[in-house]
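In what follows, a structure is listed as structure tokens, so that the remarks can point back to it.
These numbers come from a predicted model, not from an experiment. The sequence lines fix the lettering, A, B, ..., with proteins before strands; numbering per chain opens at 1.
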Amino acid sequence: MTIRVRIAPSPTGNLHIGTARTAVFNWLYAHNQEGKFVLRIEDTDLERSRSEYTENIKSGLEWLGLTWDEGPFFQTQRLDKYTAAIQTLIDRGLAYSCYCTPEELDKMRENQKAKGLAPRYDNRHRNLSSEEKAAFEAEGRKPVIRFKIDDDREIVWQDKVRGRVSWQGSDLGGDMVVARAGETEAIGQPLYNLAVVVDDIDMAITHVIRGEDHIANTAKQILLYEALGAKVPEFAHTPLILNQDGKKLSKRDGVTSIDDFRKMGFLPEALANYMTLLGWTPPDSTEEIFTLEEAATKFDLGRVNKAGAKFDWAKLDWINSQYLHKMPANELVELLIPYWQSAGYEVNLDSDRSWLESLTAMVTPNLTRLANVVEETKLLFGESVEYTDEAIEFLKQEGVDLVLQEAITAIEEADTLETADAKGIIKQVTKSQKVKKGLVMRSLRAGLTGEMHGPDLIQSWVLLNQKQLDRGRLSKALSLI
RNA sequence: GGUGCUGUAGACAAAUUGGUAAAGUCACCUGCCUUUCACGUAGGGGUUUGCGGGUUCGAUCCCCGUCAGCACUGCCA
């Protein structure tokens with residue numbers, strides 16, 4: 001039998017890191033089992049669903065490399081199927097009309113809480129007589145459809161991650177609503193648990209892999225599978241992603257959408273790599289850098305952790321830096337150009353390309369996120385330099401002025417400045433001024449960049465020279481002394 | 001309030017019929033490399049396995065209790 005899994009996001013927001021991680025696990029399992037990965041958009045909440053979120057979810061999954069084999073399917077295009085399933089439940093006597101108003105239900109729960117009882121629906125309309133129903137109808141009340149949940153029933157399943165899980169029917173909150181009240185139609189909009197089950201049956205999903213916040217839903221859904229006479233799939237509940245405080249990562253934590261991560265300069269391969277590690281450990285592995293394909297060959301739901309996975313920015317940064325550092329400059333430069341542009345640096349895409357590529361090669365080891373490039377290269381752009389106190393102090397040391405003076409003269413005499421030329425000048429100045437090479441290097445660094453630390457000095461100088469910025473900067477430094 | 005789950009170094013975590021506690025990765029510290037920072041590389045420190053009992057020759061693992069954290073408890077998904 002072909003393994004079939006799915007990711008079923010609701011388009012009520014941008015693609016969230018938690019959804020994406022669930023997608024990762026589903027994708028890995030599908031690829032490990034040579035199965036199919038299905039994308040289904042759960043848009044039955046008409047109030048909150050937006051088509052732009054659907055687009056964001058699709059593009060986010062694609063960006064991460066989480067390609068789906070089938071879909072996207074939309075629940076709003078399948079409403080007939082849900083209505084038919086609900087009708088089946090009614091016909092079988094497993095579901096019924098409930099005329100309670102939201103206000104009545106609120107009051108009921110308040111009373112229960114006041115008495116120290118667990119809030120739940122008390123199944124009060126389960127056995128309404130036809131006269132009672134007619135009376136509610138006459139009042140103009142529109143019923144929801146509730147699915148009967150036997151309080152005495154124990155629901156048990158073998159979870160692929162958590163082992164045996166059991167749930168008592170009485171802890172499921174009473175008979176569950178499967179359809180909203182309809183305006184004119186007898187059966188209104190279907191609700192999540194019903195739609196999910198109908199779809200998973202219809203799409204022949206064999207393994208439902210989702211977050212552990214769905215565990216109670218799984219118990220309810222198993223009852224629906226049985227009521228609809230369908231085979232119950234396997235379930236695997238993955239741990240939640242936690243923030244630094246150990247709470248479920250939510251929008252309040254700031255950066256949580258895949259879009260945000262992309263804008264901050266994380267590479268899709270790195271982010272996907274990190275997400276595989278959120279709750280899963282590769283077997284006998286000492287290597288944590290790998291592609292989704294590599295991870296898929298080793299992926300096993302049995303090695304998924306039960307404890308929540310705390311989100312670790314430092315580790316994500318490290319993984320991202322590993323990918324960045326391995327990337328060839330001619331590819332990386334293309335990713336960096338938008339960051340320079342949005343920072344307002346003057347970048348001529350025709351004439352500057354090779355200069356930018358050299359610049360990229362120089363600062364690559366310093367990059368953790370793409371966006372860092374703005375800060376890391378700011379000293380190489382523009383006429384003006386801001387000198388740090390440390391640099392000014394250094395420049396005022398005895399002999400520095402003469403070093404800079406001679407360097408300026410040397411630049412003026414040279415047509416172009418290659419790496420070898422720069423080295424030659426440094427050697428020449430060192431000799432004629434009778435100082436240590438380190439003093440010359442640091443003098444040039446302070447004079448050219450205004451700082452005492454930074455990327456390779458000779459390369460920096462060559463790049464500045466190509467932009468004809470070196471002489472002016474050194475002269476300015478001299479004027480400060 | 002109820003139900004469920006989880007608890008191993010700062011973080012992610014390994015230890016899969018109970019067998020010397022802690023592999024590995026990140027972070028941290030140190031040496032090397034470098035004009036410097038970073039990268040790289042070679043080392044290093046860090047644990048009463050939440051706590052208390054029990055079973056056992058032996059417990060991170062099984063049992064009981066306890067504490068803490070989290071999730072769920074909708075005419076949301």
Heavy-atom nearest nucleotide on RNA chain B for Phe311(A) versus Lys437(A): which residue maps closer to 5'? Phe311(A)

Heavy-atom nearest nucleotide on RNA chain B for Arg164(A) versus Gly454(A): which residue maps closer to 5'? Arg164(A)

Looking only at the side chain of [X] (C-beta and beyond, no hydrogens), which of the listed nucleotides [options] gets closest?
X         : options                   : result
Glu288(A) : rG40(B), rA77(B), rU25(B) : rU25(B)
Arg48(A)  : rA77(B), rU35(B), rA71(B) : rA77(B)
Ala216(A) : rU6(B), rC39(B), rC72(B)  : rC72(B)
Leu240(A) : rA71(B), rU3(B), rC5(B)   : rA71(B)
Lys306(A) : rC75(B), rG2(B), rU6(B)   : rU6(B)
Leu191(A) : rU6(B), rC39(B), rC76(B)  : rC76(B)
Asp312(A) : rU35(B), rA77(B), rA11(B) : rA11(B)
Tyr192(A) : rA77(B), rC12(B), rA71(B) : rA77(B)
Trp318(A) : rA27(B), rA38(B), rU3(B)  : rA27(B)
Asp171(A) : rC75(B), rA77(B), rG2(B)  : rG2(B)

G-U wobble or Watson-Crick pairing nucleotide for rA71(B) (cut-off 3.5 Å, both distances): rU3(B)

Whether [X] contacts [N] is assessed here as follows: a side-chain N or O lying under 4.0 Å from the phosphate OP1 or OP2. Is that the case?
X         : N       : answer
Lys310(A) : rG10(B) : no
Arg180(A) : rC76(B) : yes
Gln221(A) : rA77(B) : no
Arg210(A) : rA77(B) : no
Arg303(A) : rA15(B) : yes
Thr44(A)  : rA77(B) : yes
Thr281(A) : rA14(B) : yes

Report yes if the distance between the aromatic ring centroids of Trp280(A) and Phe25(A) is under 6.0 Å, otherwise no. no

Is the Trp167(A)-Phe235(A) ring centre distance short of 6.0 angstrom? no

Evaluate the criterion salt bridge (charged side-chain N to carboxylate O under 4.0 Å, His left out) for residue pair Glu137(A) and Lys142(A); output intermediate values, then yes/no. CA-CA 7 Å; Glu137(A) 299 275 358; Lys142(A) 307 288 184 192; over 6 Å; no

Polar side-chain atom of Gln221(A) near backbone of Leu194(A) as donor-acceptor pair, under 3.5 Å: no

Is Arg146(A) positioned over the aromatic face of Tyr96(A), cation under 6.0 angstrom from the ring centre and no more than 45 degrees off axis? no

His214(A) aromatic ring stacked with six-membered ring of rA77(B), 5.5 Å and 30°: yes

Tell me, yes or no, whether the heavy-atom count around Glu398(A) atom CD, taken from other residues, nucleotides or ligands under 6.0 Å, exceeds 12. no

Could you tell me how far apart [X] ([atom1]) and [N] ([atom2]) are, to the nearest whole angstrom?
X         : N       : atom1 : atom2 : value
Arg50(A)  : rA77(B) : CZ    : P     : 17 Å
Met108(A) : rG2(B)  : CE    : P     : 18 Å
Asn320(A) : rU25(B) : CG    : C1'   : 16 Å
Glu47(A)  : rG74(B) : CD    : C1'   : 14 Å

Students often get this wrong, so: under 4.0 angstrom with heavy atoms, is Arg109(A) touching a base, only sugar-phosphate, or nothing? sugar-phosphate

Using a 4.0 Å heavy-atom cut-off, does Asp213(A) contact any base of the nucleic acid, only the sugar-phosphate backbone, or nothing at all? sugar-phosphate

Under-3.5 Å donor-acceptor pair between Lys315(A) side chain and rU25(B) base: yes

Any donor-acceptor pair, under 3.5 Å, between the side chain of Asn305(A) and the base of rA13(B), if you only look at N and O atoms? no

For the CD1 atom of Ile258(A) and the CG atom of Leu15(A), what is their distance to the nearest 0.5 Å? 5.0 Å

